[in-house]
Amino acid sequence: MFALVDCNNFYPSCERVFNPKLDGKPIIVLSNNDGCAIARSEEAKALGVEMGTPAHMIENLIRENDIQVYSSNYALYGDLSDRVMTILSGFVPDLECYSIDEAFLDTSQLYGQDLRQLGVTIRKTVHQHTGLPVSIGIAPTKTLAKMANRYVKKNRIAGGVHWLSNAEAVQEVLQFTKVGDIWGIGPARSRVCLRHGFKTAYDLSRAPDDWVLKKMSVVGHRLLQELRGIPCIEWELEPPPKKNIGSSRSFGKLMTQKIDIEQAVANYMATCAGKLRKQGSCAGKIHVFIQTNPFRTQDAQYFRSITMSLPVDTSSTPELIRYALKALDIIFKPEFNYLKVGVMVLNLVPEKQTQSGMFDNKDRGKDRQIMKTVDTVNKALGKDLVRFAVQGFENRYKLRAAHISPRYTTRLTDIVKITA
DNA sequence: TCTGGGGTCCTAGGACCC
DNA sequence: TCTGGGGTCCTAGGACCC
């Protein structure tokens, strides 16, 4: 049995933990740059705020209903997430952190126990220790556990836990779930299903295998098995090393100067390189892209990207920056209003497996030592104080975050003060 | 007059997730 | 004025080899 624990409206709930005045009020949390609503409290959903709506399109709705608006505060959400995961790991031998607000718990060793009761205890404990509400779905496969979890939220199941402990319970949830709401069915596959008369997860679970295989490939077929209670999606208890690492951001305002864009590229690449070293990998390729704002129809549009193979696999920040700037130089054209640039490192290999190039006369050992020192110093200071010249210190492209809450749990000066 | 077949590797793009 | 960011997996099709 898999138990899926999912925090309810995670970001808005995090904001509530340290600001109880928000209880019962509609809250939305915005994406980077305060662009779109990416998380909503139940009250905000009830007011009709859809996922991904641009903030500027709902200004009236926000004003008229006194919707509380927050910029994303990932320092806060990430820290609360860690706390929830730590609590959950105390209940079961194994768990898989699936996303910032979800974890699968392995309950297979608890055979014969009342798993619903276990779920109720877990939920109570998480709430007691963090102030965050969670829902729990328990089922024979991950897909069904996801579905059971959603069922809890949609039907406000008492206790916040639903255990699909027998065939009838499974069938009820399958019949309740529309195909488009199945984990793994997006708009494209949903259209295919509906066109052929499969409206619910129950319908799909009875579809012929060869039809599913043909129309929805092996991905769809695995999903079909999962709906039938046969686990096909395995545990991933250790997060596997990343195969690509990317960093991209929209600018706070449109940019035209190459020097500003170079600074952004250098900083994004520094971020990627840091993550790269953290997982002990080197990159064999880099990718750089640049684009204008597609929503500004009055502007000339430009989108270009370039992938560049590196002569030697590397994780050195200055070296990666140098290549990224070379790549940018090839694709950059003046006279456009740029909205966004991004970089990626690809073809990642473990550091120990890297091959040295035939004409490589760089002292790699020394280079690695320097980067190690930079990482150590920056980690100790808690921010990227040691930087390379091209990264600059003042950036003109910085994000808008007009409604950000304090970093209550990760910055000493932001700690909640209580006066008695 | 006639122009193979099978395999591997790589890349771009689609679909999906949170 | 104003529309997010970071990933994974799969497939089709081209290049190349024998």
Side-chain angles (χ1 to χ4, degrees), chain A residues 4 6-7 9-11 28-40 49-60 62 69 71-72 74 77-78 81 96-104 142-143 146 149-150 179-193 213-223 232-234 236 239-254 268 271-272 275-276 279 284-285 287 289 291-299 303 305-309 337 339-348 399-403:
Chain A
L4 177 70
D6 189 319
C7 300
N9 314 318
F10 184 55
Y11 297 172
I28 60 174
V29 176
L30 303 179
S31 62
N32 274 337
N33 255 325
D34 293 343
C36 304
I38 53 163
R40 308 150 294 157
V49 180
E50 293 295 325
M51 180 73 175
T53 314
H56 70 90
M57 282 169 58
I58 48 172
E59 277 171 357
N60 289 338
I62 290 172
V69 179
S71 305
S72 304
Y74 291 110
Y77 311 151
S81 172
E96 173 183 338
C97 301
Y98 175 68
S99 76
I100 193 166
D101 71 331
E102 284 168 79
F104 286 104
K142 283 184 170 179
T143 307
K146 270 274 196 187
N149 189 294
R150 182 175 172 279
V179 280
D181 295 324
I182 302 171
W183 186 47
I185 302 263
R189 288 201 265 265
S190 175
R191 274 193 299 274
V192 172
C193 288
L213 202 53
K214 201 170 113 210
K215 294 286 182 185
M216 298 195 284
S217 85
V218 294
V219 182
H221 192 252
R222 256 199 309 260
L223 201 143
C232 287
I233 307 173
E234 281 312 314
E236 221 164 65
K242 300 245 180 298
K243 298 175 175 175
N244 315 308
I245 295 172
S247 177
S248 69
R249 214 120 300 172
S250 297
F251 302 131
K253 55 177 193 273
L254 296 176
Y268 300 165
T271 303
C272 289
K275 289 184 186 172
L276 200 55
Q279 79 162 24
K285 284 184 182 180
H287 181 84
F289 71 88
Q291 74 176 81
T292 50
N293 185 348
F295 294 101
R296 280 179 65 95
T297 46
Q298 69 271 40
D299 279 8
F303 176 96
S305 67
I306 183 171
T307 306
M308 192 184 265
S309 294
N337 291 321
L339 172 73
K340 184 177 187 177
V341 285
V343 303
M344 279 182 88
V345 288
L346 326 159
N347 287 32
L348 309 191
L399 296 174
R400 270 188 308 272
H403 312 282

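Quick caveat, the model's predicted, so the values are computed rather than measured. In what follows, every chain begins at residue 1, and chains take the letters A, B, ... in the order their sequences are listed.
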- Please state whether the phosphate of dC10(C), meaning OP1 or OP2, lies under 4.0 angstrom from any side-chain nitrogen or oxygen of Arg222(A). yes

- Task: Quick one: label Asn33(A) by what it contacts on the DNA or RNA (base, sugar-phosphate, nothing), any heavy atom closer than 4.0 Å.
- Result: nothing

- Have a look at Pro294(A) and say if it touches a base, only the backbone sugar-phosphate, or nothing, with a 4.0 Å heavy-atom cut-off. nothing

- Task: Using a heavy-atom cut-off of under 4.0 Å over every strand shown, decide if Asp34(A) touches base, sugar-phosphate, or nothing.
- Result: nothing

- side-chain N/O Ser250(A) vs dT3(C) OP1/OP2, d < 4.0 Å: no

- How is Lys243(A) classified with respect to the nucleic acid when contacts are heavy atoms under 4.0 Å: base, sugar-phosphate, or nothing? sugar-phosphate

- Message: Taking any heavy-atom pair under 4.0 Å as a contact, classify Leu30(A): base, sugar-phosphate, or nothing.
- Response: nothing

- Starting from P on dC18(B), measure out to OH on Tyr11(A) and report it in whole angstrom. 12 Å

- Query: To the nearest angstrom, how far is Ile185(A) atom CD1 from dG14(B) atom C1'?
  - Reply: 15 Å

- Lys142(A) bridged to Glu96(A) by N-O distance under 4.0 Å: yes

- Distance test, side-chain N/O of Lys146(A) to OP1/OP2 of dC16(B), below 4.0 Å: no

- Query: Contact class for Ile245(A) (heavy atom, under 4.0 Å): base, sugar-phosphate, or nothing?
  - Reply: sugar-phosphate

- Query: Reckon Ser247(A) has a side-chain N or O less than 4.0 Å from the OP1 or OP2 of dG6(C)?
  - Reply: yes

- Query: Looking at Thr53(A), does any N or O in its side chain come under 4.0 Å of the phosphate oxygens OP1/OP2 on dT3(C)?
  - Reply: no

- Query: OP1 or OP2 of dG4(C) less than 4.0 angstrom from a side-chain nitrogen or oxygen of Lys340(A), does that happen here?
  - Reply: no

- Message: Tell me whether the side-chain N/O atoms of Asn244(A) come closer than 4.0 Å to OP1 or OP2 in dG6(C).
- Response: no

- Would you indicate what Ala55(A) reaches in the nucleic acid, counting non-hydrogen atoms under 4.0 angstrom: base, sugar-phosphate, or nothing? nothing

- Between the two end axes of the helix from dG5(B)-dC18(C) to dC18(B)-dG5(C), each built from 5 base pairs, what angle do you get to the nearest 10°? 10°

- When the distance from CG of Leu348(A) to P of dG7(C) is rounded to whole Å, what number comes out? 10 Å

- Checking all strands, does Ile58(A) fall into the base, sugar-phosphate, or nothing category for heavy-atom contacts under 4.0 angstrom? nothing

- On DNA chain C, more 5' by nearest nucleotide between Cys36(A) and Pro241(A) is Cys36(A)

